[in-house]
**Student:** 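Here you go, one structure.
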Amino acid sequence: MTRPIRLEISLPAIRHNFQFIRQHARSRQLFAVIKADAYGHGVVDTAKALADQADGFALLNIEDAVRLREAGIRQPIALLEGPFDAAEAAAMADYRLGGAAHSIEQMDWLAKGSAERPVEVWLKINSGMNRLGFRLEQAADALARLRALPAVRPTTIMTHFATADEDYGVAEQWERFQPAAAASGLAVCAANSAALLRHPPTHGDIGRPGIALYGASPFGNATGAELGLIPAMTLSADIIAVQHLQPDDAVGYGRRFIAERAMRIGIVACGYADGYPRVAANGTPVAVDGQASGTVGRVSMDMLAVDLSHLPQAGIGSRVELWGPQVPIEQVAAAAGTLSYELMSAVMPRVPRIAHS
Ligand SMILES: *Cc1c(COP(=O)(O)O)cnc(C)c1O
C-alpha cells in the first residue's frame with residue numbers, strides 16, 4: 001500500500017532523556033527545546049510526552065506555539081527569537097507566550113500590548129556568538145527600557161554559547177555574560193545540551209536542552225548512547241531489489257563505487273528526497289535486519305544501495321535501519337560531513353512518521 005519507509009519516534013526515549021538531563025543539570029528549571037518540529041520528532045507529540053516533566057517549552061515559530069496551546073499544553077512557552085513583527089507580538093499576549101527580545105524593534109512591538117496581559121520577556125544578550133542580542137554594554141539600558149513598558153514583564157536574561165560542544169568551551173562567553181546576568185536580577189538562562197552535560201557553572205536558573213532530548217550527542221567524540229541517552233528517532237526502509245555484481249561493475253550515478261570482487265547488494269527505498277544525505281560516503285553504516293553493513297555508491301533521490309555480500313539471509317523485504325538505536329546518527333552525520341541536528345530536522349514530510357508511546 002505504501003512505499004516501505006518509515007520514521008519511528010520513541011516517546012519513552014525522549015522521556016528518559018529528559019530525566020537523564022534533569023539528573024545532570026543544576027538548573028532549577030528545564031525548558032525543552034522543540035524548535036524545527038522538535039528536531040523532526042513532532043512538536044505536539046514531543047510536548048505532550050514531556051508535559052508532566054518539562055517546566056516549559058522553547059521554540060521559534062508562533063504557529064507551533066499556538067498548536068501546542070490548542071493541544072492543551074499549559075506550561076510556559078518561550079519563543080527563542082521573539083516576535084518577528086508587531087502582529088506576532090500581539091499574538092504572544094493572546095496565547096500567553098513569552099519569548100526573547102533581542103532588538104529595540106521587538107521592544108517597540110511588544111510595547112503596544114496591554115498592561116492587563118503583560119508578555120513575559122527574555123532579554124537576549126549577545127555574549128560573543130554575534131547572531132542575536134544586545135551587546136553587554138547595552139544590557140542595562142535595554143533592561144531599563146523593558147522595565148518601563150507596562151505591557152511587558154521581563155523575567156529572564158539569556159545568552160547562547162557558540163562552542164559549548166567544542167574544546168574552546170564556554171569560559172570566555174560565560175565570564176562576559178555572568179556579571180550582567182547577576183546584576184539584572186532576572187532568571188539566568190544560558191545552557192544548551194552541551195553546557196548542561198559538560199559545563200555545570202553555566203546551568204543558571206533555566207536550562208535549554210535540545211539535541212540531548214532526542215538521544216543524540218552534542219559532542220563530536222561520543223554518541224548519545226555512550227553518554228547514557230537513548231536515540232529517539234529511527235529511520236528505516238526496506239530492500240526492494242537485489243543485484244549481483246561482478247568485479248569492475250559500477251553502482252549508481254557517477255559510477256562512484258566500483259566492485260573489486262563479486263558482491264551482492266540491496267537497493268533500499270530511501271534517498272535524498274527522504275532526507276538521507278546525498279553526500280554520505282561509501283560505507284556509511286546501516287543495519288540490515290540488525291546486522292551491520294554499509295552503503296555502496298552515491299545516494300539517489302529515492303534509493304540507495306547497501307552491501308549484502310556477508311548477509312546471505314537478507315533480501316527483498318529486509319528492513320534496513322538508516323539511523324536509530326543500531327546505527328548511531330552521529331556516525332551517519334560524520335560520514336556526510338554534517339551533524340545529527342541537520343539529519344533529524346531534514347527528514348522529509350513524505351516519510352510516514354509513527355510515534356510510539
Ligand atoms: C537550538 C537552541 C538550543 C538547544 O541547543 P542544543 O544544542 O540542541 O541543546 C538552546 N538555545 C537556543 C537559543 C537554541 O537556538
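Ligands are counted one by one from 1 in listed order, and the atoms in each one are counted from 1 as well. The residues of the chain are indexed from 1 along the displayed sequence.
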**Student:** Please determine if Lys35 has a nitrogen or oxygen closer than 3.5 Å to a nitrogen or oxygen of ligand 1.
**Tutor:** yes
**Student:** Would you call the rings of Tyr341 and Tyr39 parallel, tilted or perpendicular, where under 30° means parallel and over 60° means perpendicular?
**Tutor:** tilted
**Student:** Cation-pi check, Arg298 to Phe257: give yes when NZ or CZ is under 6.0 Å from the six-membered ring centre and within 45° of the ring axis, no otherwise.
**Tutor:** no
**Student:** Give me the residue, atom name and distance of the protein heavy atom closest to atom 9 (O) of ligand 1.
**Tutor:** Ser193 OG, 2.5 Å
**Student:** Can you tell me the protein heavy atom closest to atom 11 (N) of ligand 1 and the distance?
**Tutor:** Arg208 NE, 2.8 Å
**Student:** Determine whether the aromatic ring centres of Trp109 and Phe84 lie less than 6.0 Å apart.
**Tutor:** no
**Student:** Answer yes if the side chains of Arg28 and His203 hold a donor-acceptor pair under 3.5 Å, and no otherwise.
**Tutor:** no
**Student:** Does an N or O from Gly210, backbone or side chain, lie closer than 3.5 Å to an N or O of ligand 1?
**Tutor:** yes
**Student:** Using distance alone, determine whether Pro209 and ligand 1 share an N or O pair under 3.5 Å.
**Tutor:** no
**Student:** Of the side chain and backbone of Pro218, name the one, both, or neither that has a heavy atom under 4.0 Å from an atom of ligand 1.
**Tutor:** neither
**Student:** Run down the list Trp122, Tyr341, Tyr39 and name the one with the heavy atom closest to atom 4 (C) of ligand 1.
**Tutor:** Tyr39
**Student:** So, Glu81 side chain and Asn61 main chain: donor-acceptor pair closer than 3.5 Å or not?
**Tutor:** no
**Student:** I need the single residue from Gln178, Gln173, Arg135 that forms a side chain to side chain donor-acceptor pair (under 3.5 Å) with Ser127. Which is it?
**Tutor:** Gln173
**Student:** Could you see which bit of His160 sits under 4.0 Å from ligand 1, with heavy atoms only: side chain, backbone, both or neither?
**Tutor:** side chain
